[in-house]
2 protein chains.
Amino acid sequence: MPRNKELNEKIKDERREQILLASLELFASKGLSATKITHIAQKSGISQGLLYHYYSSKEEIFTDLVKTAFERLNMACKYLYNLDVPPQKKIRYGMESILENLAVSDSSANYHLLIAHASLSEDIPVEAKAIIQKENQVPYDIIEKILREGQKEGTIKKHDAKDMAVLYWTTVKGLAMHKAVHPRKFVPPDINILMSMFLIDQ
Amino acid sequence: MPRNKELNEKIKDERREQILLASLELFASKGLSATKITHIAQKSGISQGLLYHYYSSKEEIFTDLVKTAFERLNMACKYLYNLDVPPQKKIRYGMESILENLAVSDSSANYHLLIAHASLSEDIPVEAKAIIQKENQVPYDIIEKILREGQKEGTIKKHDAKDMAVLYWTTVKGLAMHKAVHPRKFVPPDINILMSMFLIDQ
DNA sequence: GTCTATATCCAGATAGAC
DNA sequence: GTCTATCTGGATATAGAC
């Protein structure tokens with residue numbers, strides 16, 4: 001019966017989405033170890049037993065989310081790189097959209113916090129570590145490339161491009177953390193301050 | 001016998017130091033929840049049972065360390081504020097010493113990571129939360145004050161001082177995290193890049 | 001003060017009924 | 001597919017011997 005099979009698949013997908021969403025919120029706010037499988041089940045609105053029909057462990061969910069987090073981030077970076085605007089606009093626009101996403105408190109912010117937790121803690125699954133090891137470099141490289149192009153055009157400061165790329169992303173991570181401490185009253189700072197690290201004044 | 005009492009006190013102090021040092025390293029690398037009391041005892045070189053003669057729980061150790069972390073940080077900020085140099089030098093010197101401390105990988109770096117973990121995770125003891133709530137503001141306020149003084153003297157940019165203070169510290173937190181991901185090959189970025197957010201070019 | 005042994009508890013994971 | 005009940009293991013904390 002292909003009808004049932006199809007429906008089951010759909011249910012399965014929906015359940016997985018529920019679980020992932022609930023887990024993301026919990027992992028983003030507590031990290032891996034402090035998040036209990038019971039909480040995930042509760043927040044997902046399903047029983048604990050059922051959870052194991054979709055994921056075989058907490059770690060698997062975590063790793064799955066880390067993978068998605070980097071896919072999204074790296075995708076956004078590639079999109080940014082391919083925009084048809086001059087380099088200095090890319091740098092500004094990229095930071096602008098990240099700050100906006102942080103501010104509106106949707107799952108984008110949670111993905112950033114998830115990455116923060118995953119980066120900060122030694123105690124994560126080896127699979128997740130491998131993903132970080134491999135994917136974490138991508139955003140740095142892309143921003144660095146954009147910065148170099150801007151330097152050629154004379155719109156980006158002549159500091160070491162690698163250093164600037166590091167500061168670009170550490171600032172983002174720092175702001176994501178800052179938001180974690182002040183969840184409700186987070187106001188993104190004036191972007192021009194940040195831009196003065198990279199852009200030559202006009 | 002006052003002799004024995006004195007010696008016991010000394011032993012007790014030393015043990016406490018051992019425990020705190022071991023815990024700091026573990027908490028800095030794994031966070032509260034993933035750090036097991038067994039690991040702490042092992043790393044301290046004492047038995048698990050003995051640990052409970054010095055601290056009544058993991059949470060107590062954690063809270064104790066968070067308290068110390070902020071005491072140190074706030075002390076350093078006050079020291080910085082009272083230096084007899086112009087504001088823009090304070091801003092630069094403060095950031096310089098933090099980056100140095102991060103790079104040489106001593107316990108200073110671990111205290112920063114501890115604060116990062118504590119800030120990032122919802123799942124920490126209420127006492128620790130209260131400390132963060134209360135003490136976290138101090139460094140921001142001091143840097144803001146220094147920045148305002150610099151603005152009066154015309155050496156600091158005229159951006160919103162609160163925003164700049166936020167960025168000062170989020171950059172530090174971000175860099176501490178960045179170091180956590182690349183423990184061995186961390187090279188502090190060119191400080192002039194950071195300073196261009198705050199200092200008027202000369 | 002310090003250890004080993006043990007009790008308690010809770011989280012993770014499984015089994016089996018519906 | 002979903003639940004409740006249960007098993008198992010590990011982590012926290014205590015007890016008691018030295």
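Residue numbering restarts at 1 for every chain, and letters A, B, ... go by the order of the sequence lines. Everything quoted here is computed from the prediction, not taken from an experiment.
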> Using a cut-off of less than 4.0 Å, is there contact between a side-chain N or O of A/Y54 and OP1 or OP2 of D/dT2?
Replying inline: yes
Between atom [atom1] in [X] and atom [atom2] in [N], what is the gap in whole Å?
| X | N | atom1 | atom2 | result |
| --- | --- | --- | --- | --- |
| B/H39 | D/dA11 | NE2 | P | 6 Å |
| B/L51 | C/dT2 | CG | P | 11 Å |
| B/Q42 | D/dG10 | CD | C1' | 14 Å |
| B/E60 | D/dT12 | CD | C1' | 14 Å |
| A/R15 | D/dC3 | CZ | C1' | 12 Å |
| B/I46 | C/dT4 | CD1 | C1' | 14 Å |

Pairs meeting criterion side chain to side chain donor-acceptor pair (under 3.5 Å) with involvement of [range], two or more places apart:
| range | value |
| --- | --- |
| residues 29-38 of chain B | A/S33-B/S33 |
| residues 130-139 of chain A | A/N74-A/E135, A/Q137-A/D141 |
| residues 43-53 of chain A | A/E25-A/K43 |

> Which residues pass the side chain to side chain contact (heavy atoms under 4.5 Å, CB included) test with A/K89, sequence neighbours left out?
Replying inline: A/V85, A/P86
>> Run the side chain to side chain contact (heavy atoms under 4.5 Å, CB included) test against B/S121 and tell me which residues pass, sequence neighbours left out.
In response: A/H117, B/D123, B/I124
>> Show me the dot-bracket string of DNA chain D, counting Watson-Crick or G-U pairs under 3.5 Å, with | for pairs to another strand and [ ] for crossing ones.
In response: ||||||.|||||||||||
> Looking at residues at least two apart in the chain, or sitting in another chain, which of them share a ring pair (Phe, Tyr, Trp, His ring centres under 6.0 Å) with B/F62?
Replying inline: B/F27
>> Under the rule for ring pair (Phe, Tyr, Trp, His ring centres under 6.0 Å), what residues qualify as partners of B/H159, not counting sequence neighbours?
In response: none
>> How close do B/T63 and B/I131 get, counting heavy atoms only, and between which atoms?
In response: CG2-CD1, 3.9 Å
>> Once salt bridge (Lys or Arg N to Asp or Glu O under 4.0 Å) is applied, do any residues pair with A/K129, and if so which ones, sequence neighbours excluded?
In response: none
>> Holding to salt bridge (Lys or Arg N to Asp or Glu O under 4.0 Å), I want the full list of residues that pass it with A/R72, two or more places apart in sequence or in another chain.
In response: none
> Are any of the side-chain heavy atoms of A/T155 and A/I200 separated by less than 4.5 Å?
Replying inline: no
> Once each nucleotide of nucleotides 13-18 of chain C is scored for protein heavy atoms under 4.0 Å, what B/S/- sequence comes out, 5' to 3'?
Replying inline: BB----
>> Just to be sure I understand the geometry, which residues of residues 18-34 of chain B put a non-hydrogen atom under 4.0 Å away from DNA chain D?
In response: none
> B/S47 side chain: which of D/dT12, D/dT4, C/dT4 is closest?
Replying inline: C/dT4
